[in-house]
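Notes follow the structure.
Chain letters run A, B, ... following the sequence lines, proteins first, then strands; residues in each count from 1. Predicted model only: the values in this text are computed from it and were never measured.
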Amino acid sequence: MASSIFRSLQVHPFMLYPTTFLRRRNGVFHLTTKATQSQTDTQQRQPQTKVSSSNSTQSKKLDKIPKDYEAIIGIETHVQLSTLTKAFCGCPYSYGSSPNSSICPICMGLPGALPVLNSKIIDFAVKLGLALNCNLAFKSKFDRKQYFYPDLPKGYQISQFDVPIATAGFLDVDIPVEFGGGHKRFGITRVHMEEDAGKLLHAENGNYSQVDLNRAGVPLLEIVSEPDMRNGIEAAEYAAELQRLVRYLGVSNGNMQEGSLRCDVNVSIRPIGQSKFGTKVEIKNLNSFSSVSRAIDFEISRQVQLHSQGQEDQIVQETRLWEEGSQRTITMRKKEGLADYRYFPEPDLPAVILSQEYVDGIKNSLPELPEIKRRRYEQMGLSMQDVLFLANDKNIAEFFDATLAKGADSKLVANWIMSDIAAFMKNEKLTINEIKLTPEELSELIASIKGGTISGKIGKEILFELLAKGGTVKELIQKKDLVQIADPVEIEKMVDKVIVENPKQVEQYRGGKTKLQGFFAGQVMKLSKGKANPGLLNKILLEKLNSKS
Amino acid sequence: MLLSTLQTPRSLSRLTRHPHSFTSRASLTHQTQTLTPSSPSPPPQSEILSIRHALLSRRASAADLVLSQLARLRLAEPRLRSFLHLPDDDALLAHARRLDARIAAGEDPGPLAGVLVGVKDNICTADMPSTAGSRILEGYRAPFDATAVKRVRELGGIVVGKTNMDEFGMGSTTEASAFQVTANPWDESRVPGGSSGGSAAAVSARQCVVSLGSDTGGSVRQPASFCGVVGLKPTYGRVSRFGLMAYASSLDAIGCFGSSVADTGTLLHAIAGHDRFDATSSKQDVPDFQSHFVAVSSLESKPLKGLRVGLIRETIDDGVDAGVISAIRAAALHFEELGCSVNEVSLPSFSLGLPAYYILAVSESSSNLSRYDGIRYGNQVYADELDSLYGGSRAQGFGSEVKMRILMGTYALSAGYYDAYYKRAQQVRTIIRNSFKEALSQNDILISPAAPSAAYKIGEKKNDPLAMYAGDIMTVNVNLAGLPALVLPCGFVEGGPSGLPVGLQMIGAAFNEGELLRVGHIFEQTLENCKFVPPIVVDDIAY
């Protein structure tokens, strides 16, 4: 059985853009070998490429959209769900496992095999639907989307067509301060459930392709936004917020490099004041938020350039590919009319019926979502920069909240996390879950400083010990004998000793060189091995120095 | 549970009345079949019970039984061509010896022990090829047993081979098989019906005891009628479809053939019930059908007193053979003699069933057959380009009937036509479902012919698909409504060397197969002067 998977497909050796193989939609296949056809492809591409390259030099000057145009951007996001098993069979899925090692008759689409829905997918879809403030369909269904491609074993994809599980929601995003800040709300058109396809692996010599069905049948949620974004930053922030959301909800790892979160963006431009939309162009191959942002900005400049030169007819409905290397978009394929996927209801799966109790149960189990968390942090009086830093990473937010729960002051905790702890994580390339410091100990540390048990300076020393090796604050203070000396008698003794040992400096001080106070304080501190309470030390020192004058 | 019922005094008493019924088959079948037999004939026996009795009483070993059954099978096979694949005798004997070892050890070998079961070739079997009668799957071997096959094996049944069929179930004659044409055991110049023609012919000719078929629009019931055997299409969802190569998923049902109602019911009991691998399989309890059976000796004079039988008026109308109509009217009279009240009922939406069925079936099939693309399994043609690979593999792999239905289905689902065809047909389906519900609230069972005619000649309708489709009028409504229906032979019309059987269709409420089997069993036991054993068995003196 396994050997039949590796049947070769004939692929043209001179294909220009190998990644195009991986994209299958609208029934246009790029696995052609006919010389004539690929020549036309090339000819079609060339003028396009010229336009693109001539634009790319100019586009660098066009940092922002010229004032007389506005861009309309919508995003389709596919999120791979982190269920233990695939959507319709018991196969596990893990990224990067060897080809066709996680397949069965069901996800291979063998004759007679039937899909059975993994109910976890409904849980996840309802979670995300609620988190995106959508209306849920209490009765939805699955449909078959039909097209032929070697990575699609059944000849159809099980998806949702006219009754998606969630519709008409929105996502609130805080634009980072460095990009101008502000609060934006982006509409969500729909969320639906579907299965992923397999992958084609192409031989280096281009002579054949192989099919890997590990990914076939992995559950996806497709999230379609309203065309509400106006520039690359907004689009990237929308995608980043979606990533945060799925991570907060625990429905996906949201990893863009592994393809667990994939964004396709649609971009069109129109002169300000025009209500009709311009021709939209779809961009694929966006593997990071920054590529989302840069690809869109490039595409906007390209379209504005064409439009302002009176060549708007050259903006055609097509799919373009973001090239990371050359930082530009290139034509992947032109749309040849609307594809007909011949959707019809999937007869192998019963309708998906949600009860109010079920939905309420999920609603009550939702964690605090990023937007609500940010508003809460904001109300604590934290700066927006702090708020975004703490709330953007689910794990950091959890650490922060756990520390607060131990009674620590929010601003102090925020400062510790954002300064020394963040620096340590950055240097050591660790995540907050990997450091040895626990929220309990951070809280203890802050309390010890505040309560005067240790000085801030010693606090920092202890912090690095806790970050790297763990342990408790109390243990470390005891072991290293770091308790702050706050006994005036003891400090007085040390002050006396320093004064006695430095008669020359005392004389100079009393002669008016009061700057020497710092010298004395340093000496006392040294004598106390840094443990003397600085306030007390200075007070006693001044008394002593001044009293005998 | 099954075992205990088989050992009830009632069942045993029937066995004692015919202690040698299994081994004395030849003598039973020596009587000539005529339209008006002169002597009363004994009612059909449960071959499964006879085999079980022979095994448990140690009168015969499973190996002996398998050998003698195989001898009969092979004798008829060159003339009938019921099977597409038959495994080596050794493989079957190995199964039999394992059963014998269990019997020797005092274990119960299972209610289907030693029973040879034919399996339609679109039902997956791990130890034999499964081609669905199609060139595109020639030599294809599934890596798993269908749930129904798995359950048959678990209960001791021995899968004797894969039976011929119209390619992917698309046809009503078995002539659309890519490999061979099966003959009707009653008249070898006639078709056995279809698409489960091989399964029906095999049981009719006693090549196997029972068989599995599939019924999307009548593919079990019409061949049962043509071949004079009992055929049961269960309620949609009663039997798991896992391992059944899909034709039209919302209509497909695995069904059973037997030479008696009792055997058919025993097979259904074996395969019915929820399956976690089929999301459309029902969680309804499966009752013990055998306990519904009443032996003829214990029958009262009016055993079906009070049963309301509705004869569907539209099925005994124009376009139905006069001989068929009179056989069905005779069956209605027989019901009255058994104490039933028989009334004609009208289902005005009945004639809408055929067009609605064909639109839904071809639409779903166009999608279900997309997986046969030559990429992962099945026949692949060499091509320089992907589209040619698809086109070539499918052009060479599929037969013309299949291609025609894929084209029709693709058309019906296309943008702009969906509402006019598929959606409309779904609305008709709802109307039909409701009209059956209504009729079944007034009646306990509905009756009709299983087909408008008896078996016709091979080649007669091959070039007239519309005439062939029209023959499905009696059965398609039942699939659209998802209801169970039992077909059993009730009479003969003239034709062939010894007459041609006519099947009576009994339609029941959803998940009420038990009632159909109970009524069918009484009907069958009390139907005098009719024996439904084809001439080819009379010629056969295997044992």
Checking F88(A) against chain B: side chain, backbone, both or neither under 4.5 Å from a heavy atom? neither
Given that the side chain runs from C-beta out, which part of I106(A) has a heavy atom under 4.5 Å from chain B: side chain, backbone, both or neither?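 The side chain, not the backbone.
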Y341(A) six-ring centre to K145(A) NZ/CZ under 6.0 Å and within 45° of normal: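 Yes - K145(A) lies over the ring of Y341(A), closer than 6.0 Å to its centre and within 45° of its axis.
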Taking only Lys NZ, Arg NE, NH1 and NH2, and the carboxylate oxygens of Asp or Glu, determine whether K199(A) and D151(A) approach each other closer than 4.0 Å.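 No, this pair does not count.
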Could you check whether D275(B) pairs with R241(B) (Lys NZ or Arg NE/NH1/NH2 to Asp/Glu carboxylate O, under 4.0 Å)? no
Are a donor atom and an acceptor atom from the side chains of N214(A) and S102(A) found within less than 3.5 Å of each other? no
Give a yes or no on whether the backbone of V117(B) and the side-chain of S211(B) come within a donor-acceptor separation of less than 3.5 Å. no
Taking F179(B)'s backbone N and O only, do any of them form a donor-acceptor pair with S177(B)'s side chain (distance below 3.5 Å, no angle check)?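 At least one qualifying donor-acceptor pair exists.
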Determine the option with the most heavy-atom pairs under 4.5 angstrom with chain B, choosing from P105(A), P115(A), G109(A), P350(A). G109(A)
Chain A contact via [X] - which portion, at a heavy-atom distance below 4.5 Å:
{"X": "Y411(B)", "answer": "neither"}
{"X": "A146(B)", "answer": "neither"}
{"X": "T410(B)", "answer": "both"}

Classify the ring geometry between Y390(B) and F148(A) as parallel (under 30°), tilted (30 to 60°) or perpendicular (over 60°).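 Rings of Y390(B) and F148(A): tilted, 30 to 60°.
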Given the options [options], which has more heavy-atom pairs under 4.5 Å with chain A than any of the others?
{"options": "Y372(B), F242(B), Y417(B)", "answer": "F242(B)"}
{"options": "R394(B), R276(B), Q426(B), K423(B)", "answer": "R394(B)"}
{"options": "S414(B), S366(B), G416(B), S250(B)", "answer": "S414(B)"}
{"options": "D252(B), D278(B), D373(B), N122(B)", "answer": "D278(B)"}

